[in-house]
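First comes the structure, then the notes that go with it.
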Amino acid sequence: MTNLPAEPAATSDFIRDIVAADLASGKHTHIHTRFPPEPNGYLHIGHAKSICLNFGIARQFGGTCNLRMDDTNPTKEDIEYVESIQADVHWLIGGWADDRLGLKPKGKTPDILTVKGQADFQLPAVTAGARDGLEPFYASDYFDQIYDYAVQLIRAGHAFVCDLSLEDMEKFRGTPDRPGTNSPFRERSVAENLDLFARMKAGEFPDGARTLRSKIDMASPNIWLRDPVIYRIRHVEHHHTGGKWCLYPMYDFAHCLSDYIEGITHSICTLEFEVHRPLYDWILNSLGLPRSLPRQIEFARLNLGYTVMSKRKLMQLVEEKLVTGWDDPRLPTISGLRRRGVPASALRTFAATIGVTKFNALTDVAVLEHAIRTELNATSQRRLAVLRPLKVVLTNLAAGEVIEFEAVNNPEDPAAGTRKIPFTRELYIEQEDFMEVAPPKYFRLRPGGDVRLKYACIIHCDEIVKDATGQVVEVRCTADLESRAGGVNAARKVKGTIHWVSAAQSVAAEVRLYDRLFTEEEPEQGGRDFKSVLNAHSLEVVQARLEPSLADAPAETRYQFERLGYFWPDPKDSQPGRPVFARTITLKDTWVKVAGKA
RNA sequence: UGCCCGAUGGUGUAACGGUAGCACAGCAGAUUCUGAAUCUGCUUGUCAUAGUUCAAAUCUAUGUCGGGCAACCA
């Protein structure tokens with residue numbers, strides 16, 4: 001039996017309260033959320049919070065959560081990102097909420113149904129079974145329908161074609177504390193608007209020549225209600241629709257309608273969209289749609305200490321090669337965390353722990369680290385590995401002698417069993433586990449001192465050997481073989497227990513030690529350039545010695561290297577027989593505190 | 001200085017007019033063949049002022065502080 005941390009319990013927060021109330025009141029009988037990233041970058045841990053929220057709600061209330069590419073701006077988007085997004089989402093929700101994932105048949109576009117005597121666009125989700133033949137939703141699959149809605153808006157007198165240039169539009173918009181003024185094109189006839197809009201679609205005008213604008217209120221204190229642009233001309237290829245369009249809807253127009261078409265009940269987004277909500281509602285209400293409308297609810301995005309979270313900054317780190325790629329294990333990207341060995345379940349636990357509110361918070365990385373350690377402590381097998389080897393010679397052992405000691409695989413999980421580790425005359429211990437001049441309370445090896453070798457026996461340091469520079473290069477010891485488990489001196493107590501490997505019977509391996517990417521908790525505090533506080537030691541590569549059982553460690557297997565931390569084979573660079581390990585996270589270390597105080 | 005949103009220990013989050021709780025971090029101790037894990041205990045909090053009420057973290061008003069909004073980005 002394992003002490004697996006319980007799957008995050010059904011939690012409650014202000015959004016779940018709304019959902020529960022809507023179910024209780026009968027407003028909805030089925031809950032439908034969505035996760036709608038724009039494919040213009042890789043997903044990060046902030047998105048993970050949103051994914052856990054949206055899929056978590058679907059899971060808790062027996063609903064569905066659609067994965068949708070919010071791809072209305074072809075100039076910034078790319079197929080590479082739609083692929084990485086899918087991989088990241090599948091990984092994060094796998095085994096937890098993948099049965100709630102809403103997809104659609106490949107190539108399918110909305111159906112036209114008649115609801116309450118009205119034509120109505122709908123695109124239902126498929127959640128059951130395999131993903132064969134299915135794909136995510138794409139806002140760009142609704143371009144025909146969204147165009148149709150725009151025509152309806154024009155017909156109803158709620159939208160007009162505007163010829164104002166970008167600069168002029170800015171002038172007419174006013175400022176937050178001063179109302180704007182109406183566009184001179186605001187009173188064009190419906191017929192003229194219809195004609196112009198059709199010609200915009202036909203490609204008769206260059207980029208920026210005209211826009212389609214909603215007709216709301218140029219004097220509104222809310223800038224987003226001052227006749228916002230809902231369509232702009234862009235003569236560019238789209239990664240999903242190819243060359244079909246040269247006219248693309250803006251986020252505000254496309255998003256609410258995409259939600260509606262998919263039958264979304266709760267459209268959850270981050271705080272910066274709060275001021276857009278009146279526009280979201282205005283569009284939906286202006287169209288007189290026959291089905292119940294989605295409701296937008298906003299929550300605070302995640303801010304985590306010692307990292308940066310925006311796609312723009314992450315992109316900068318990647319493009320300037322300050323990291324090795326989007327999946328660099330030091331990055332807070334989902335693919336980076338995955339490559340680092342962080343389990344998806346730990347990310348979910350983290351998301352559940354931090355909660356959901358409208359308060360703009362800065363979350364302590366310790367919370368993330370705790371979630372990772374808790375999960376890994378319960379599930380990973382222990383192994384011995386020496387990161388920075390120091391040779392130990394046991395003078396009372398014969399050169400060819402090999403003793404096999406039994407080691408427990410996981411003290412938290414007896415079912416994990418045991419394994420044998422070879423013990424020989426020449427060993428390696430960690431350099432920092434020996435000190436020639438030791439401070440008080442140092443429990444490890446020192447001249448004339450004793451220490452227990454984990455799973456083996458107690459050794460006594462008789463002699464040290466130094467090189468020409470005075471560096472200790474070898475420690476000569478006597479082993480008390482009777483202090484082994486089952487021996488007469490088995491009960492002998494010494495203050496310290498350290499890890500070790502056999503010199504001859506260990507394998508060499510590259511081990512990558514990751515640390516936080518920035519030296520400051522808030523890299524951009526006070527407007528400073530985040531790149532000026534990059535941690536120069538965020539990656540350290542060492543040539544380590546591992547116990548023999550690690551020679552061909554299977555992929556995807558997480559270990560605790562005792563007294564050091566949690567490690568796993570790097571998914572890209574580790575080869576059978578030539579392992580490369582990545583450190584996911586260190587163990588908590590109270591000794592550094594004790595030593596630091598001294 | 002226009003509009004919108006927010007404020008509970010060091011950090012994050014609960015309490016939905018009725019005993020301010022939980023987690024992380026920190027500190028102290030127990031235990032330990034991982035200075036890990038585990039266990040025990042402890043420190044620290046309702047932004048301010050006024051009001052409503054038998055009773056306010058919760059309701060009201062004002063103020064203070066913080067965040068967001070003036071892309072043909074999302």
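Reminder, nothing fancy here: chain letters follow the sequence lines and each chain counts from 1.
Between the P atoms of B:C27 and B:U52, the separation comes to 47 Å (whole Å). Across the P atoms, B:A71 and B:U19 are found 49 Å apart, a figure rounded to whole Å. B:U49 and B:G45 have their P atoms separated by 16 Å, with the value rounded to a whole Å.
The side chain of A:P411 approaches B:U34 more closely than any other nucleotide in the set B:C27, B:G2, B:U34. For A:V275, whose side chain is taken as the heavy atoms from C-beta onward, the closest listed nucleotide among B:A74, B:C69, B:C33 is B:C69. Of the listed nucleotides (B:C73, B:U34, B:C24), B:C24 has the atom at the smallest distance from the side chain of A:H370. Listed nucleotides B:A74, B:A25, B:G35 differ in distance to A:R444; the shortest reach to its side chain belongs to B:G35.
A:Y455 places its OH atom 11 Å from the C1' atom of B:A36, with the value rounded to the nearest Å. In this entry the distance linking CD of A:E274 with P of B:C4 reads 11 Å, nearest Å. To the nearest angstrom, P of B:C69 lies 14 Å from CD of A:E298. Atom P of nucleotide B:A25 and atom CD of A:E369 are separated by 9 Å, given to the nearest angstrom. As a whole-Å value, the separation of A:L271 CG from B:A7 C1' is 13 Å.
By the criterion of a centre-to-centre distance under 5.5 Å and near-parallel planes under 30°, the ring of A:Y251 forms no stack with the base of B:A74.
Evaluation of atom-type donor-acceptor distances gives no pair under 3.5 Å for the side chain of A:H499 against the base of B:A36. If you check distances only, the side chain of A:R178 never reaches the base of B:G2 with a donor-acceptor pair under 3.5 Å.
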Return the polar atom pairs (N/O with N/O) between nucleotides 12-18 of chain B and the protein under 3.5 Å, or none.
| unit_1 | atom_1 | unit_2 | atom_2 | d |
| --- | --- | --- | --- | --- |
| B:G12 | OP1 | A:L362 | N | 3.2 |
| B:G12 | O2' | A:I354 | O | 3.3 |
| B:U13 | OP1 | A:T357 | OG1 | 2.7 |
| B:C16 | N4 | A:D17 | OD2 | 3.4 |

Reading 5' to 3' and counting Watson-Crick or G-U wobble pairs with both distances under 3.5 Å, write the dot-bracket notation for RNA chain B, | for bases paired outside the strand.
.((((((..((((....[..)))).(((((.......)))))....(((((..]....))))))))))).....

Kindly indicate, with the supporting measurements, whether the criterion side chain to side chain contact (heavy atoms under 4.5 Å, CB included) is fulfilled by A:Y248 and A:R232.
CA-CA 6 Å; A:Y248 295 95; A:R232 76 297 213 179; 4.0 Å; yes

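Regarding contacts with the backbone of B:C72, a side-chain N or O of A:R173 is found under 4.0 angstrom from either OP1 or OP2.
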